[in-house]
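To start, the structure itself, in structure tokens.
In listed order, ligands and their atoms are each counted from 1. This structure is a prediction, so every number in the text was calculated from the model and none was measured.
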Amino acid sequence: MTALTLSTSPAATVRADAVVVGVAKGAKGVVVAPGAEAVDKAFGGKLAAVLETLGASGAEGEVTKLPAADGLKAPVVLAVGLGDAPAKGDTYDNEALRRAAGSAARALSGTKKAGFALPVEDAEAAAAVSEGALLGAYAFTAYRSSNGAGAKGKKNDDRSAPLGEVAILGGKPRDKEFKAAAERAVALADEINRARDLINMPSNDLDPKSFAAQAQAAAKEFGLKVEVLDEKALKKGGYGGLMGVGQGSEAPPRLVRIAHTHPKADKTLALVGKGITYDSGGISLKPAGHNETMKCDMSGAAAVFAAVVAAARLGLRVNITGWLALAENMPSGSATRPGDVLTMYSGKTVEVLNTDAEGRLVLADALTRASEESPDAIVDVATLTGAMVLALGNRTFGIMANDDAFRTSIHEIAEEVGEQSWPMPMPAELRKGMDSPVADIANMGERMGGGLVAGLFLKEFVGEGITWAHLDIAGPAFHEGAPWGYTPKGGTGSAVRTLVRLAERTAAGDLG
Ligand code: BES
Ligand code: MN
Ligand code: ZN
């Protein structure tokens, strides 16, 4: 894992393999961002001009490496683009810093240590640079035969080891706020990377049982309370949604309750995660081209798990109960058939018209169970619908809620932590599409507005009077394109930062 330090070394003399500086697009060409003054001085005050000669523009994500000038201890200078320079008197946007730090860290894989001389005027900026660097340095290495080597022992540069150490320069290492910000960034990045590892782990190694075992191990390590309902307990308890989805698989379902409590907490937040360790579609099998990435269908549960552990590590003064609804959706002789009727944990009956609409079934049981404890609010997180990806694209999650103010709060919190999201409606007229001739509700409705239909389904399983929001992260959870900023290929850890900030806000009494 990549280490982080707040360093007192000046950028010119830091002992590192590279020093990272920021460049931006100014009105009259490339400008060097604050923090890089000493590096610019070593270049005779001409760093911007040198970079321009090399073709740099300051565009977001652009990386330019150059040999260091005399007077610099680090042998390499890496200039990373921050996009448009802020107006005079303004500071750089935290998300621009987070992304730039991520791009720089990625470009420095294979390197032991880098000093980051980016603008870190306040603790929040230092936190953003720290998060970006630690998230950008992430690599999923568990299945490589060796670091830095291809399968046949050939050197493969794309697969070199992650950057070993990030030293944040120019901050205030002895300042309480900076120290706390760095500690928070480490805990947060560790947990986001934990979620990424789980998402990236192939389904032949991550099934409901082994996922639950990971929750138990983390609970032990970080002092959380954990309970696991196995298939026997689920059957006995009447969890028809979880059992119905999981019954086609050799790997039976689990419901995990993992809880962080604080003796002085006066609020309780319940987080519910969709944890389909593989979504084949079941008997309503997905066609080829739609199932290659479906190991990612437990991203919601991974985000919830990570957020609860982060809350414990940060000692937040709030109770957070995570519910991981774990099942594998497979076709077999024992699988649920289209047309089958399930009796859910709430007692409601559901006609399963499409076994590929399985997420809402496992979530429904977990939402009902979570509601029994009367939390102050419930937030569920799920890779729930392809329709949400069609609506919002690959980088933005949708937010639905039974309370407009809560939906707005979550949207604002996401914005604040640099996660793209958008509020979505729950049009009541879409409910009738789920009317079933045989059961209380069907698990499918109109195709148009499919993401909203799924939200309306979930809403019926939330306890009376409980504030609830649903985050559909089907777009941003798993990144198939080229890495960018601090976003790697594969699992992204979408929603973890939003959930942790929501927990912090709840602890501070900022919400209702
Ligand atoms: N896990 C999928 C949704 C999904 C799609 C996640 C793309 C990530 C990327 C979900 O279980 C699903 O199959 N949903 C169906 C619902 C439909 C059958 C009502 C869908 O969106 O097509
Ligand atoms: Mn599905
Ligand atoms: Zn699914």
Side-chain angles (χ1 to χ4, degrees), residues 199-200 203 206-208 211 241-242 244-246 248-249 253 272-303 324-331 335-340 350-366 380-398 400 424 430-431 433-434 436 441-458 470-481 490-495:
I199 297 163
N200 290 330
S203 307
L206 190 77
D207 65 9
F211 195 142
L242 273 155
V245 171
S249 171
V272 174
K274 171 176 173 181
I276 300 299
T277 59
Y278 187 71
D279 182 12
S280 71
I283 297 293
S284 314
L285 193 64
K286 285 180 187 295
H290 290 261
N291 48 26
E292 292 82 354
T293 59
M294 279 302 139
K295 67 176 182 182
C296 81
D297 213 21
M298 34 54 72
S299 296
L324 317 180
L326 307 173
E328 188 183 46
N329 188 22
M330 295 293 270
T336 291
R337 294 154 285 249
D340 283 0
V350 177
E351 184 184 13
V352 179
L353 291 180
N354 189 321
T355 63
D356 198 12
E358 84 298 339
R360 62 199 75 183
L361 299 173
V362 299
L363 286 171
D365 278 356
D380 78 69
V381 188
T383 48
L384 204 61
T385 65
M388 197 57 65
V389 192
L390 288 174
L392 297 177
N394 284 314
R395 292 187 183 180
T396 304
F397 61 78
M400 276 159 265
M424 301 297 276
L430 290 176
R431 170 61 180 85
M434 291 185 284
S436 161
I441 190 169
N443 76 331
M444 232 184 90
E446 289 176 41
R447 197 167 77 86
M448 297 301 165
L452 320 179
V453 171
L456 282 166
F457 181 94
L458 295 178
H470 157 60
L471 314 186
D472 190 338
I473 61 167
F478 195 82
H479 179 55
E480 293 182 62
T492 62
S494 175

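If you look at His290 next to ligand 1, there are no close heavy atoms at all, none under 4.0 Å. The backbone and the side chain of Asp356 each have at least one atom closer than 4.0 Å to an atom of ligand 1 (non-hydrogen atoms only). Neither the backbone nor the side chain of Thr293 has a heavy atom within less than 4.0 Å of ligand 1. Contacts between Glu446 and ligand 1, counted as non-hydrogen atom pairs separated by less than 4.0 Å, are absent for every part of the residue.
Ion pair Lys274/Asp380 not flagged as a salt bridge, since none of the NZ, NE, NH1 or NH2 atoms sits closer than 4.0 Å to an Asp/Glu carboxylate oxygen.
In terms of distance to the Mn ion (ligand 2), the nearest N, O or S atom of Asp279 is named OD2. Nearest N/O/S atom of Asp297 relative to the Zn ion (ligand 3): this is OD2. In terms of distance to the Zn ion (ligand 3), the nearest N, O or S atom of Glu358 is named OE2.
Shortest contact from atom 1 (N) of ligand 1 to any protein heavy atom: Asp297 OD1, 2.8 Å. Looking from atom 18 (C) of ligand 1 to the surrounding protein, the closest heavy atom is Asn354 ND2, 3.5 Å. What sits closest to atom 9 (C) of ligand 1 on the protein, heavy atoms only, is Met294 CE, 3.6 Å. Protein heavy atom nearest atom 2 (C) of ligand 1, with residue, atom name and distance: Asp279 OD2, 3.5 Å. Nearest protein heavy-atom contact of atom 16 (C) of ligand 1 is Arg360 NH2, 3.8 Å. Of the protein's non-hydrogen atoms, Met444 CG, 3.5 Å is the one closest to atom 19 (C) of ligand 1.
A donor-acceptor pair under 3.5 Å is formed between the side chain of Lys295 and the backbone N or O of Asn200.
Counting only non-hydrogen atoms, the option in Thr383, Leu361, Leu384, Leu353 that gets closest to atom 14 (N) of ligand 1 is Leu384.
For the ligand labelled ligand 1, residue Met298 lies outside the 4.0 Å heavy-atom shell. Ligand 1 is approached by Lys286 to a heavy-atom distance shorter than 4.0 Å.
In terms of polar-atom proximity, defined here as any N/O pair under 3.5 Å, Gly386 does make such a contact with ligand 1. At a 3.5 angstrom cut-off on N or O pairs, Lys274 counts as close to ligand 1.
For residue Asp279, an N/O/S atom approaches the Zn ion (ligand 3) to within less than 2.8 Å. Using a cut-off of 2.8 Å, one finds that Lys274 contributes an N/O/S atom close to the Zn ion (ligand 3).
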